[in-house]
**Student:** 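Following this message is one structure expressed as structure tokens.
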Amino acid sequence: MTGGAVRLLVVDDEEQILELLDLTLAIHGYEVCTASSGPRALELLAHEAIDVIVMDVLMAPWDGFETVRRMAAQHGPALPPVVFLSGLARPAVMPELGPDVVQEYLVKPFRPSQLVERIEEARRRRPSS
């Protein structure tokens with residue numbers, strides 16, 4: 001990690017939520033890139049240096065889990081940690097996303113401080129390169 005701001009890729013197919021997350025996380029000092037779909041997120045991840053991914057679960061055309069599976073297939077151990085956001089309770093068994101995927105899960109609604117805590121926890125859990 002360099003001394004610069006932590007870069008987040010925030011993915012949600014609801015524009016209002018995406019804007020709210022962008023603003024909230026920027027206020028907390030993060031540099032935020034946004035994507036409104038899995039395919040767009042995959043494209044951004046290929047061209048941007050990202051430290052943590054904040055991923056909505058319920059999206060189209062790919063849900064958040066499928067998007068992360070595709071990211072993991074392309075980036076392997078280099079995939080940044082992922083914080084999943086969902087209006088649904090955490091599944092009893094999380095989908096297999098790849099052996100190197102560091103993930104956190106946060107149920108909506110949540111307080112901004114809870115999201116920041118999950119982002120920082122995901123960063124701590126990521127193995128050093």
Side-chain angles (χ1 to χ4, degrees):
M1 207 41 68
T2 64
V6 174
R7 292 201 45 152
L8 305 178
L9 173 56
V10 179
V11 188
D12 197 303
D13 62 349
E14 292 186 43
E15 194 62 38
Q16 290 177 324
I17 292 175
L18 199 58
E19 289 174 10
L20 181 61
L21 289 171
D22 184 1
L23 177 63
T24 300
L25 292 167
I27 288 170
H28 281 86
Y30 295 104
E31 192 173 313
V32 181
C33 295
T34 61
S36 59
S37 69
R40 179 68 180 137
L42 208 61
E43 183 181 314
L44 281 172
L45 188 59
H47 302 289
E48 299 287 337
I50 300 297
D51 298 307
V52 178
I53 300 166
V54 177
M55 177 75 65
D56 187 34
V57 172
L58 299 177
M59 299 188 304
W62 310 332
D63 69 16
F65 297 129
E66 179 61 25
T67 301
V68 171
R69 271 190 210 93
R70 290 174 186 237
M71 290 174 164
Q74 285 188 358
H75 299 276
L79 181 70
V82 180
V83 177
F84 286 106
L85 305 179
S86 180
L88 305 175
R90 181 184 174 116
V93 176
M94 289 290 286
E96 178 53 48
L97 302 174
D100 301 310
V101 178
V102 173
Q103 58 187 299
E104 293 286 324
Y105 196 94
L106 186 58
V107 177
K108 299 174 187 175
F110 51 82
R111 291 185 310 278
S113 62
Q114 291 174 298
L115 178 55
V116 169
E117 287 171 10
R118 293 293 163 83
I119 290 168
E120 294 305 317
E121 180 60 27
R123 291 181 63 216
R124 280 190 292 276
R125 288 182 50 217
R126 178 162 191 180
S128 299
S129 316

**Student:** Does the side chain to side chain contact (heavy atoms under 4.5 Å, CB included) test come out yes or no for Val82 and Val52, once each step is laid out?
**Tutor:** CA-CA 6 Å; Val82 180; Val52 178; over 6 Å; no

**Student:** I'd like to know if the side chain of Gln114 and the backbone of Arg111 have a donor-acceptor N/O pair within less than 3.5 Å.
**Tutor:**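 Yes; at least one donor-acceptor contact below 3.5 Å.
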
**Student:** Run Val10 and Leu18 through side chain to side chain contact (heavy atoms under 4.5 Å, CB included) and show every step you take.
**Tutor:** CA-CA 7 Å; Val10 179; Leu18 199 58; 3.9 Å; yes

**Student:** Could you state the interatomic distance from CG (Leu8) to CD1 (Ile53), rounded to the nearest 0.5 Å?
**Tutor:**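 Going from the CG atom of Leu8 to the CD1 atom of Ile53 covers 10.0 Å.
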
**Student:** Could you check whether any side-chain N or O of Asp51 sits under 3.5 Å from a backbone N or O of Arg7, counting only pairs where one atom can act as donor and the other as acceptor?
**Tutor:**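 Such a contact is found between Asp51 side chain and Arg7 backbone.
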
**Student:** Should the pair Phe84 and Tyr105 be assigned to parallel (<30°), tilted (30 to 60°) or perpendicular (>60°) ring geometry?
**Tutor:**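 Tilted, since the angle between the ring planes falls between 30° and 60°.
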
**Student:** With a 4.5 Å limit on heavy-atom distance, are the side chains of Val68 and Leu79 in contact?
**Tutor:**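 Yes, their side chains come closer than 4.5 Å.
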
**Student:** Would a hydrophobic clustering, with Ile, Leu, Val, Met, Phe, Trp and Tyr connected at side-chain separations under 4.5 Å, put Leu20 with Val107?
**Tutor:**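 Different hydrophobic clusters.
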
**Student:** Salt bridge check, Glu121 against Arg118: does any charged N sit closer than 4.0 Å to a carboxylate O?
**Tutor:**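 Salt bridge: no.
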
**Student:** So which heavy atom on Glu15 is nearest to which on Ser36, and how close?
**Tutor:**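 Nearest heavy atoms, Glu15 then Ser36: OE1-CB, 4.5 Å.
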
**Student:** Minimum heavy-atom separation for Gly29 and Ala5, please, with both atom names.
**Tutor:**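 Here Gly29 and Ala5 meet closest at O-CB, 3.8 Å.
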
**Student:** What are the two closest heavy atoms between Met71 and Met55, and how far apart are they?
**Tutor:**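 Taking Met71 first and Met55 second, the nearest heavy atoms are CE-CE, 4.0 Å.
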
**Student:** Rounded to the nearest 0.5 Å, what's the gap from SG on Cys33 to CG on Asp22? Could you check?
**Tutor:**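 Going from the SG atom of Cys33 to the CG atom of Asp22 covers 9.0 Å.
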
**Student:** Out of curiosity, Arg123 CZ to Glu120 CD, how far, rounded to the nearest 0.5 Å?
**Tutor:**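 Going from CZ on Arg123 over to CD on Glu120, the span is 4.5 Å.
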
**Student:** Going through the checks in order, is the side chain to side chain contact (heavy atoms under 4.5 Å, CB included) test met by Leu88 and Leu58?
**Tutor:** CA-CA 9 Å; Leu88 305 175; Leu58 299 177; 3.8 Å; yes

**Student:** With heavy-atom distances below 4.5 Å as the criterion, would you say the side chains of Glu117 and Glu104 are in contact?
**Tutor:**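 No; the side chains remain at least 4.5 Å from each other.
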
**Student:** Flag yes if Leu9 and Leu23 sit in one hydrophobic cluster, no otherwise; membership is Ile, Leu, Val, Met, Phe, Trp, Tyr, and two members link when side-chain heavy atoms are under 4.5 Å apart.
**Tutor:**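 They do not share one cluster, since no chain of ILVMFWY contacts under 4.5 Å joins Leu9 to Leu23.
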
**Student:** With the 4.5 Å side-chain cut-off for hydrophobic clustering, are Phe110 and Ile17 part of the same group?
**Tutor:**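 They do share one cluster, since a chain of ILVMFWY contacts under 4.5 Å joins Phe110 to Ile17.
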
**Student:** Which heavy atom of Thr67 sits nearest a heavy atom of Ala41, and at what distance?
**Tutor:**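 Here Thr67 and Ala41 meet closest at CG2-CB, 4.4 Å.
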
**Student:** Rounded to the nearest 0.5 Å, what separation is found between the CZ atom of Arg40 and the OG1 atom of Thr34?
**Tutor:**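 That separation rounds to 8.5 Å.
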
**Student:** Considering non-hydrogen atoms only, spot the tightest contact between Val54 and Leu85 and give its length.
**Tutor:**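 Closest approach of Val54 to Leu85, heavy atoms only: CG1-CD1, 3.5 Å.
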
**Student:** Atom OG in Ser86, atom CG in Asp63: separation rounded to 0.5 Å?
**Tutor:**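 Result: 9.5 Å between the selected atoms.
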
**Student:** Rounded to the nearest 0.5 Å, what's the gap from OH on Tyr30 to CG on Leu115? Could you check?
**Tutor:**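 One gets 7.5 Å once the value is rounded to the nearest 0.5 Å.
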
**Student:** Nearest heavy-atom pair of His28 and Pro112: which atoms, and what distance?
**Tutor:**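 Shortest heavy-atom separation between His28 and Pro112 comes out as CE1-CB, 3.9 Å.
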
**Student:** Would you call Arg70 and Glu66 a salt bridge, using N to O less than 4.0 angstrom?
**Tutor:**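 A salt bridge is present here (some side-chain N lies under 4.0 Å from a carboxylate O).
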
**Student:** Side chain to side chain contact (heavy atoms under 4.5 Å, CB included) for Leu44 and Ile50? Distances and angles first, verdict last.
**Tutor:** CA-CA 9 Å; Leu44 281 172; Ile50 300 297; over 6 Å; no

